[in-house]
Each structure stands twice: as C-alpha cells, then as structure tokens.
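Quick note on labels: first sequence line is chain A, next is B, and so on, each numbered from 1. Computed from a prediction, not measured in an experiment: that's the story for all the values here.
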Number of protein chains: 2
Amino acid sequence: MRSRAAERTLPPADEHAARFARQREADRSATAEDYVELIADLLREEGEARAVDLARRMGVSQATVTATIGRLQRDGLVETKPYRGLFLTAAGQEMAAIAKARHELVVRFLIAIGLDAETAEEDAEGLEHHASEKALAAFARFLAMREDDAG
Amino acid sequence: MRSRAAERTLPPADEHAARFARQREADRSATAEDYVELIADLLREEGEARAVDLARRMGVSQATVTATIGRLQRDGLVETKPYRGLFLTAAGQEMAAIAKARHELVVRFLIAIGLDAETAEEDAEGLEHHASEKALAAFARFLAMREDDAG
DNA sequence: CACGTAACTTAGCCTAGGCTAAATTTCAGA
DNA sequence: TCTGAAATTTAGCCTAGGCTAAGTTACGTG
C-alpha cells in the first residue's frame, strides 16, 4: 500500500548521484574484466590467446582489439610484445579469477531461479558487472539455502 | 577431446560474439532509459523537469546534460525548447513507464532474496539494463511463488 | 628458404559521454 | 522595470571504444 499517487520515488539528490557514479564506474571496468576473462579462458583452453580470436569472440574488429589491449597494457593487466600473443600480468590473472568466479556464481544463481543454461550465460555477461558484493552474497546465500532444502 | 581440466567454458565464437553485441546494445540504451525515467519522476513528483536537477541527480555537469538531452531529442524521446523545461514525447513516456516497471520489479526481487532496500535500489540501477525478458520473467515468477507461500 | 597469407598494427575517422570556462537567457526581487 | 543570480547553452577539450583501409610482421608450406 502506498500513500497517494506517486510518492517516494526520488532519493536525496546526492545519494541518487552516487548511484549513477557507481554505475559509470562499473561500466568503465566492464570491458577490462571481459577481456582479461576471455584471455584467461583462451590461455587455459587453447594454450594461447591471439588477438584474432579475441576479435572473433568479442564480435569486434582486430583494430579495436589492438587498441583495447593497449589500454590493458597501460593499466598493467596484460603483457605482450608487438605481433605476438597475449598474456596476463599477476594483476590481470587476479582480475580474471575474480571475474570468472563471479560469472559462475551469477550463472548458477540464474539457473536456480529458472533460466535455461544458455539464457543464464547471456544474462550473466551483462549482470555480473553490475552486481554489488552484497548482491553476490545474497545470490550465494540463496544457492546455499537451496542446497540445504535439496538435502 | 582436448585436455581435461577446464572444459566447456568457451561457447562457439559466433554465439559468444552475439552475447557481447547484445551487451553493447544494452549499454547504449541504458543512458536514454535512465534519463527518461528520471525526467518522468521529476515531472510527476516535482511538476517539472529542469536540466539542473537532472545534472544534480545524475552527478554530472549541466553541459553534459544539455548534450545528452540533445541526443534524446534527436531520438524522439524528449521535447524541449531552448532554455526551457523538459518533457517526454509519447515514445519517451512509454520508455519511462517500461523502465520504471522493470526497475521496481528488480528492486522487489532483490529485496526478496535478502538485500536491504537501499542496496536493492543501488544494484537495480545497474542490473535493470542488463536483465533479459526471460530473466525478468523469472524474477516475477519468483516473487509470485513467494507470495503464494506467504499466503 | 622464400614467399604468400594470415595476423597484427597504424592511421584516420566517428559517436557517446565526460569536463571546464565563457557566453546567453530567464526570472524574481528590489 | 531593471538587474543580478541562477539556469542554460556553446565552445573546446578529453577518453573509451567502435569502424575501414592500408601497411608490417610472422610463419607454414611448397
């Protein structure tokens, strides 16, 4: 039951602004997380990470990959030499591990609430970058609780 | 078959690329949705939507708001005259209504799985733009089921 | 071993979305 | 009604992330 028509939608302005700022921050780190996660997967499963494969899997041109890799190098996440394969720095490996764990948690959660595996993967790709630690904890609790029930 | 540890993380390349493409698409529309939703809220609760309030609540400069509003006008979502308040076109109102309903569904869902109201609002701001129709339907089912249990 | 093709980089362009500083316009109060 | 402060716009700049086309490099194969 609400009061009258349309009360209480707008939070205090500064709080509101903080939400959007966090949002923009998450958007900024999303690309880096997607790239290092993909590079880690390629290294693990294919033994090497080549720009051409990143381009194919990201659905983006090779030139775009080159530019993005340049930023990731600048930010200390990726190591490479001109015309050679890609590797992760320690920081990059750590980011990839966190991203992967988070990705899998989100996928498992989405499947638990009734999504099919493919849709869960698709949605996780977007949702994983915008779930706070508290939300992820809630997902984990939900999964744990559900396992208890299943016995 | 290839090595054994770490199988089955990478989907087919074209499918993978499609996920990221959807992702980029969602990112593109997120700003528009946030702006029209905020404009609708301001119109409803304050009686008018001024750029200065959008700037304050988005945590962004007025110049940025002016530029963004220009794009929303170009895209047929917002109507305004120079130096005057902002209004939504029919298309803008429709987008705002959808965005608001989706936002509230996500908030209710997050609260249902154990988040406090403030965190739910924060997370919803990011998650609402990246949840597919199927995911939203799953959220709704979850809430409906939960109400049944509560009786 | 050289050579052609595939992979990668470079150059140049674009849009969205940020910023500050400097106009310009509106509007309320003296 | 005039005027100054607040709101808005404009100008100019920046970064991320897209693109294509053209140039370079690496490498497998004949």
Both B/D53 and A/S29 contact DNA chain D. Which one's nearest nucleotide lies toward the 5' end? B/D53

In whole angstrom, give the distance that lies between atom CZ of B/R71 and atom P of C/dG18. 8 Å

A/D27 CG - C/dG18 C1' separation (whole Å): 13 Å

Tell me the interatomic distance from B/E48, atom CD, to D/dA6, atom C1', rounded to whole angstroms. 13 Å

Once you apply a heavy-atom cut-off of 4.0 Å, does A/T68 come out as touching a base, just sugar-phosphate, or nothing? nothing

Taking CD from B/E25 and P from D/dG17, how many angstroms apart are they, rounded to a whole number? 17 Å

Over all strands shown, is A/A51 touching base, sugar-phosphate only, or nothing at heavy-atom distances under 4.0 angstrom? sugar-phosphate

B/Q62 CD to C/dA21 P: how many Å, rounded? 14 Å

Could you check A/G85 against A/R24 and say which one's nearest nucleotide on DNA chain C is further toward the 5' end? A/G85

Does D/dG18 have its OP1 or OP2 closer than 4.0 Å to a side-chain nitrogen or oxygen of A/S61? no

Pair A/F20 and B/Y35, ring centroids less than 6.0 Å apart: no

Assign A/R84 to base, sugar-phosphate, or nothing according to its heavy-atom contacts below 4.0 angstrom with the strands shown. sugar-phosphate

At under 4.0 Å between heavy atoms, what does B/V65 touch on the DNA or RNA strands: base, sugar-phosphate, or nothing? nothing

Where A/L143 and A/A112 come nearest, the two heavy atoms and their spacing: CD2-CB, 3.6 Å

According to the interplanar angle, ranging from 0 to 90°, do the rings of A/F109 and B/F109 count as parallel (below 30°), tilted (30 to 60°) or perpendicular (above 60°)? tilted

Parallel, tilted or perpendicular, judged at 30° and 60°: which one describes the rings of B/H130 and A/H130? parallel

Distance check needed: D/dA6 C1' versus B/L54 CG, whole Å only. 16 Å

Between P of C/dA7 and CZ of A/R50, the distance in whole Å: 6 Å

Round to the nearest Å and state the distance from B/F20 atom CZ to D/dG18 atom C1'. 15 Å

On DNA chain D, check which nucleotide each of B/T66 and A/A67 is closest to and give me the residue with the more 5' one. B/T66

How long is the gap from CG on B/L86 to CZ on B/R84, to the nearest 0.5 Å? 12.0 Å

Assign each of B/D75 and B/A63 the nucleotide of DNA chain C bearing its closest heavy atom; nearer the 5' end lies the nucleotide of B/D75

